[in-house]
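Read the structure below first, then the notes.
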Amino acid sequence: MAPIPLQRDTVQRPGTTRAGYAHGPRLASRTSLPGIPLAPSAARRFVRAALAEWTGLGVPAAVGFSDRLADDAVTVTNELVTNAVVHAGTTVDLVLRLEEEGGDEPSAALVLEVTDHHPARPVGGDEPGATGAPGRKATDPTTDPATDPTTGSPTDPPAESAAGLPDPAEYGRGLQLVATLAESWGITYRTGLKTVWARLPVDDWSGPPAPPDRDALRRGLRAAEILAPAARRTERDDAVWDSRGAPAFLAEASDLLAGQLDEDLVAAIAGQLLVPRLADWCAIWLEAESGGSGAEPRLARVWHSDETGTEPLRTALEREPLRLPADVGSGPVSVPVPWPAHPTEEHLPVDEAPQPGARDGAALAFRITAGGRALGTVLVGREGVAQVPEAVASLIEDFVRRLGLAVGAARAYTRQATISRILQRGLLPSKVAEIPGVTSALVYEPSDDGVVGGDFYDIFPCPGDRWCFVLGDVQGSGPEAAVVTGLARPWLRLLSREGFGVGEVLDRLNRLLLDDAMEAAEAAALMVAAAGGRQLHDGSQSRFLSLLYGEVVPLPGGGVRCTVVSAGHPLPLLLRPDGSVHPAAEPQVLLGVVEDVAYESQTFDLEPGDTLLCVTDGVTERRSGPLMFDDGDGLARVLAGCAGLPADATAERIRRAVHEFAEQPPDDDVALLVLHADGTGRSLPGRAESRPVREAPAASDNGRYAFRTARW
């Protein structure tokens, strides 16, 4: 396959004056690459050529281009372009910028941007400008549309933008390396585009360069050094794996593999650790999670020190999956492998081309195990040797043991996250009713902890031309929260449809929760007695529940009549068209705490143009240091600015304000419901329309599964 021809567009922007001296030219080189396996190598050549060109032009900051910076820029580019090609497969746009900052402490940085044209994970729909910055900085003026690119000061984001916090295993493979090398990095979502950017500081530059007559030759030599391709390793020094080298390698491997909760990401990191340090190429097969003798292992990763050799190697290995005998342990097994032809030999005459299996080399296979269970196989190969040195084979065996632990942990987490995800979907309604005369919007974001959240919601019709809405928050999370949610939501539907008033529904639900808590406590006591007095759990049998429950009746002239009760829940807020905000209920005690309690409801009219906002404490108690989001009526102030907005725009503005309140993502479930009277009052007895809740795909951060925003 011929190399990709590069088309580079270098833009030289006029200099400006800052802090008393001329700010050098701001450069930006850009190119487009097809989404094919050769794109990463073309991107590496592009970056080296751009750095060499800037050095040759005598750009001020170019004097600080160290070997390390050039290598880091090439490495980061390789990872970002590889991710785009593997996960998007579209044309990839690459931009390399050099930015200089004046002042008392001058600085410069390289900014890399890699854009693909197939955002696989939309954030809150298709709104443009959605930006997430999971790197070391929450935002960066170079790419964040919420900041001014010149001053870096915050600006008002577009009204239709939807900031989303991307989740992580979908960031792609190798971005942990990008996070390590870059000063900051992040992801910017726009309509039809996804851009991953990284910023690398120019460490060796501290101000304007010396006069141009000092050393023009030095610039030329430096440009040649940057542009020169790295020499291929012809010999590998196995002597480095002495008493210090091997432990250092294993320690590094353990650090990188630990905490990775996606088995494919674990395999990707393992391949990059083995090649080219210990082998010329490697392949990793993973057994099916369900097991069974008939299940075929999956070729999860193929890695070659020569990028052009990866696909031929994969083709050769996919012809027949590698299977080791059942009695093979964790030690190395010599395996005959049909060596693929090197790309440079593909066009040789038949009589000159090496035959399959004739290439000189050695290959070893290692079984991946964890807890006595086979999880897969690692195959490593070296070219030009008769056998792999014993010390290296022993080191790889130790490495594969750590790989097995990482794969086992990732699978255990995936199983738990899958159970939680399925349980979460079962506890929440797949459809919610449409209320005549009211438009509604919902935001639901369980915290990214891989367990079932404690927040729940519902909107459903009832006899008598009534519609009921629910927003609840169970104490805690996980199985205990799931039990309460699984009881409360169907009980609420049943009691509401039996014709009980709003206050009476909560009276009965409170008694049901107390009865269930008593039965659970008695069952726990029996389990403790059967276990000889040993405590088998944390002893928490509470069934506390904060709940906002309301009933809506359409009015003939437009608008609706609302009757609500708030049991230990953040109070609903009523927004009038003039921007005034008032609480729409009185605070009352939590459900499941006090037996003899009578809940009282409040009734008001939601007139055309009015908006009712209901939230859980994940909104009001969102923290930024010692401050909470609702301190000083913070939620009411944000809601007041939503006067005149429809329900979906109001929900998005509140959601965005919650996320922007602190740099860290929310650590509690976030749920909010907006009801907006649209003035189309109508009565539809006997008709109950519903629409599905649209949930974004389950996101993953290094394998961490969680539901994202659900809106309709």
Side-chain angles (χ1 to χ4, degrees), residues 231-253 257 267 269-286 297 299-345 352-369 374-404:
R232 286 183 58 85
R233 177 183 296 183
T234 57
E235 294 184 4
R236 182 179 285 102
D237 184 10
D238 291 325
V240 300
W241 308 117
D242 54 13
S243 58
R244 291 181 299 174
F249 169 76
L250 293 174
E252 177 187 2
L257 295 175
I269 293 175
Q272 296 184 57
L273 287 170
L274 289 172
V275 179
R277 299 184 185 186
L278 299 173
D280 291 313
W281 57 265
C282 79
I284 300 176
W285 284 267
L286 294 177
L299 186 56
R301 187 68 176 177
V302 176
W303 196 261
H304 201 293
S305 58
D306 183 352
E307 187 177 74
T308 59
T310 300
E311 288 308 314
L313 177 62
R314 179 185 293 274
T315 301
L317 296 175
E318 283 179 342
R319 293 179 186 142
E320 184 176 354
L322 177 64
R323 286 188 176 275
L324 296 178
D327 58 349
V328 171
S330 60
V333 178
S334 181
V335 178
V337 176
W339 296 82
H342 192 276
T344 58
E345 300 166 347
E352 297 181 16
Q355 298 302 311
R359 182 184 295 277
D360 183 22
L364 292 178
F366 301 81
R367 173 157 286 160
I368 305 173
T369 61
L375 302 180
T377 305
V378 174
L379 179 65
V380 297
R382 283 195 175 190
E383 298 181 5
V385 298
Q387 64 179 13
V388 177
E390 182 178 351
V392 174
S394 177
L395 178 58
I396 297 176
E397 182 180 352
D398 287 342
F399 171 81
V400 172
R401 290 194 186 98
R402 288 161 172 77
L403 174 60

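For reference, positions follow the sequence shown, starting with 1.
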Roughly how far, to the nearest 0.5 Å, is CG of L274 from CZ of R301? 11.5 Å
Please give me the minimum heavy-atom distance between L324 and F366, naming the atom from each residue. CD1-C, 4.3 Å
Could you state the interatomic distance from CG (L379) to SG (C282), rounded to the nearest 0.5 Å? 8.5 Å
Calculate, to the nearest 0.5 Å, the distance between atoms CD and CG belonging to E397 and L403 respectively. 13.0 Å
Can you name the nearest heavy-atom pair linking L299 to E318, along with the distance? CD2-CG, 3.6 Å
So how far is it from L395 CG to L250 CG, rounded to the nearest 0.5 Å? 5.0 Å
In short, V380 meets A279 closest at the heavy-atom pair CB-CB, 3.9 Å
Could you tell me which non-hydrogen atom of A365 sits nearest to which non-hydrogen atom of T377, and how far apart they are? CB-CG2, 4.3 Å
Got F399 and L278 here, is their nearest side-chain heavy-atom distance under 4.5 Å? no
Closer than 3.5 angstrom, by distance alone: can the side chain of T315 be matched with the main-chain N or O of E311 as a donor-acceptor pair? yes
Correct closest heavy-atom pair for L317 and A283 would be CD1-CB, 3.4 Å
Here the pair of heavy atoms bringing A362 nearest to A386 is CB-O, 3.6 Å
Apply the side-chain contact (heavy atoms from CB on, under 4.5 Å) test between I284 and each candidate in I368, V400, V302; give the one that qualifies. I368
Just how far is it from atom CD1 of I269 to atom CH2 of W303, taken to the nearest 0.5 Å? 11.0 Å
Considering residues, nucleotides and ligands other than Q387, do more than 12 of their heavy atoms fall under 6.0 Å from its CD? no
